[in-house]
Amino acid sequence: MLLYNENHNRKEVLWLLTINNLVKHRGKQEILSGVSFKARPGRVTGFLGPNGAGKSSTLRILLGLDRATSGSALINGVPFAELQNPLATVGAALDGFGAHRMRTGRAHLRWIARAAGLSRSRVEEVLEIVDLTKVAGKRVGNYSLGMGRRLGMAAALLGDPKILVLDEPVNGLDPEGIRWIRTFLRERAASGKTVLLSSHLMGELAETVDDVVIINHGKVVAEGTLEEVIGNHATLEEAFFALTSEHAGDAV
Amino acid sequence: MRAFNAELSKLFSLPGMWLAFLIGAFAPAAIAALDSIAEKEEIIAGVSIRLSEVGYIGLGLGVQGIIILGVLAVSSEYLTESSESGGGNQITTSLTVVSSRFHFLLAKAGAVTVTSALLSIVAILATVSATNLILGEYAPAFEASRLIGVVCYWTFTALLAFGITVLTKNGMIPLTVLIINSSVVTVSYLLTKVTKLAFYLPDRAGTDMLMSGGFHTPFTGGLIMFAWVAVLFIIADIVFDRRDVAS
């Protein structure tokens, strides 16, 4: 699905994520039961839910790592497996560091750069962006949680992608790191790029996101702009607990 | 091609690989040297019945290094990070960088093939030099066809180790089974005492490429081993393509 931005004179392709009626079974368990939502360019979309609600499963299906039982997850109208140059389209940082512990941070980024046909100087650039230059020669196994998360971000940014997909990006970051990522993601969105991030931390997210999707027990229970989802509640956190506990009540 | 470059880069930046290179490149020469020293007097006296095997024994046993290479190329992708770092693994990164799983597997197999072929050539050079150094003019002539057999045997062995590890995801099982089979107890060899069919097992058929007087001709032996490699790769690709990375 290609959309054209009417605000621009020249026709510009927009970068949209479309999740459509995703169902995922693992064994007898239904992890996702018909998840649908969109993440739009120029906006930061927060994908919220308690642990085990299906956030990571949804993102993994979007990135072609897991297969959906039914439904689709499309990046600009095509599934991940059909992307020509994935690194320049979607940058992803999922759980953990995504790196072998015996390799140095720099060596990790270098093989990724090779896979995407990027230069070694680009590796140094992203190391600078995430402030890892000083420890780039150390083995990943010696990294702290915060450093490992930043290495994951560096890998996601290598191809300067139009879309960023981040699973729990503020996990393990110190307050300074959280502040950095918040500013960084706001800037990405301001330059017209698409950002989708998942989190179970409401307080951290309210100041970062434009749109909110709340998932609970494998179902989307609310979707809209931040204001719409907060509605009559005082904060996003309250809205979240009201929405998720209602559903928990239904399930019993 | 890019994915292939990336896989080569991965292989060479992993410290465990250097152990594989070290064993692969120099263990055969060391074994051949010891064997030559032991056999030297009989060879000079012209009564050795093992002259034609000198050197090849080492090259046959030296596949341990190549087995480590094939296994590690895959198992390193699945090595789980510590739980405090979130318990991720490299395979998620690899598959978000290369969108086609088939291309990913092909690139990895290609990198393993090229590296093991090069490694076997280094091992051959070291082994031939070692035997010549010790036996001098009595050193056996190494035939080109059998040396090509060594390159094929090593490469196919690496690819078998690679394919099995794709199926198991964990390196311990294939590493243990394959290393024991190629050094301490050769299961397929014992089986040949029971049934002739065992000569069609990949390692038995493969050794016919480098040892004279085998059950198969060197060419047929190579063909049989290659068939095993091809079938295993197809199975590995089908399983890998359908598998959830998370599971």
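Letters go in sequence order (proteins before strands), and every chain restarts at 1.
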Check whether [X] reaches the backbone of [Y] with its side chain - one donor and one acceptor, N or O, closer than 3.5 Å.
X	Y	answer
Arg114(A)	Phe4(B)	no
Arg67(A)	Asp241(B)	yes
Asp66(A)	Asp244(B)	no

What distance separates [X] [atom1] from [Y] [atom2], expressed to the nearest 0.5 Å?
X	Y	atom1	atom2	answer
Glu7(B)	Trp111(A)	CD	CH2	7.0 Å
Lys10(B)	His100(A)	NZ	NE2	10.5 Å
Leu79(B)	Arg101(A)	CG	CZ	4.5 Å
Leu94(A)	Thr93(B)	CG	OG1	8.0 Å
Asp167(A)	Thr92(B)	CG	OG1	10.5 Å

Give me the atom names and distance for the closest heavy-atom approach of Leu14(B) to Arg103(A). CD1-NH2, 3.6 Å

Heavy-atom pair with the smallest gap, counting every atom of Ala115(A) and Arg2(B): O-CB, 3.4 Å

Segment of [X] engaging chain A (4.5 angstrom heavy-atom cut-off):
X	answer
Asn89(B)	backbone
Thr80(B)	backbone
Arg242(B)	backbone

Within 6.0 Å of [atom1] in [X], more than 12 heavy atoms from elsewhere:
X	atom1	value
Phe184(A)	CZ	yes
Phe233(B)	CZ	yes
His103(B)	NE2	no
Glu124(A)	CD	yes

Output the residues of residues 80-90 of chain A for which the shortest heavy-atom distance to chain B is under 4.5 Å, in residue-number order; output 'none' if no such residue exists.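 Only Phe80(A), Ala81(A), Leu83(A), Asn85(A), Pro86(A), Leu87(A) of residues 80-90 of chain A have a heavy atom under 4.5 Å from chain B.
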
Winner by heavy-atom pair count (cut-off under 4.5 Å) against chain B, out of Gly159(A), Gly141(A), Ala99(A):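 The candidate making the most pairs under 4.5 Å is Ala99(A).
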
Highest number of heavy-atom pairs under 4.5 Å with chain A: which of Ser94(B), Gly16(B), Ala3(B)?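 Highest number of pairs under 4.5 Å: Ser94(B).
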
Would you mind reporting whether Arg139(A) and Pro15(B) have side-chain heavy atoms less than 4.5 Å apart? yes

Chain A contacts: which residues in residues 106-117 of chain B have a non-hydrogen atom closer than 4.5 Å to it? none

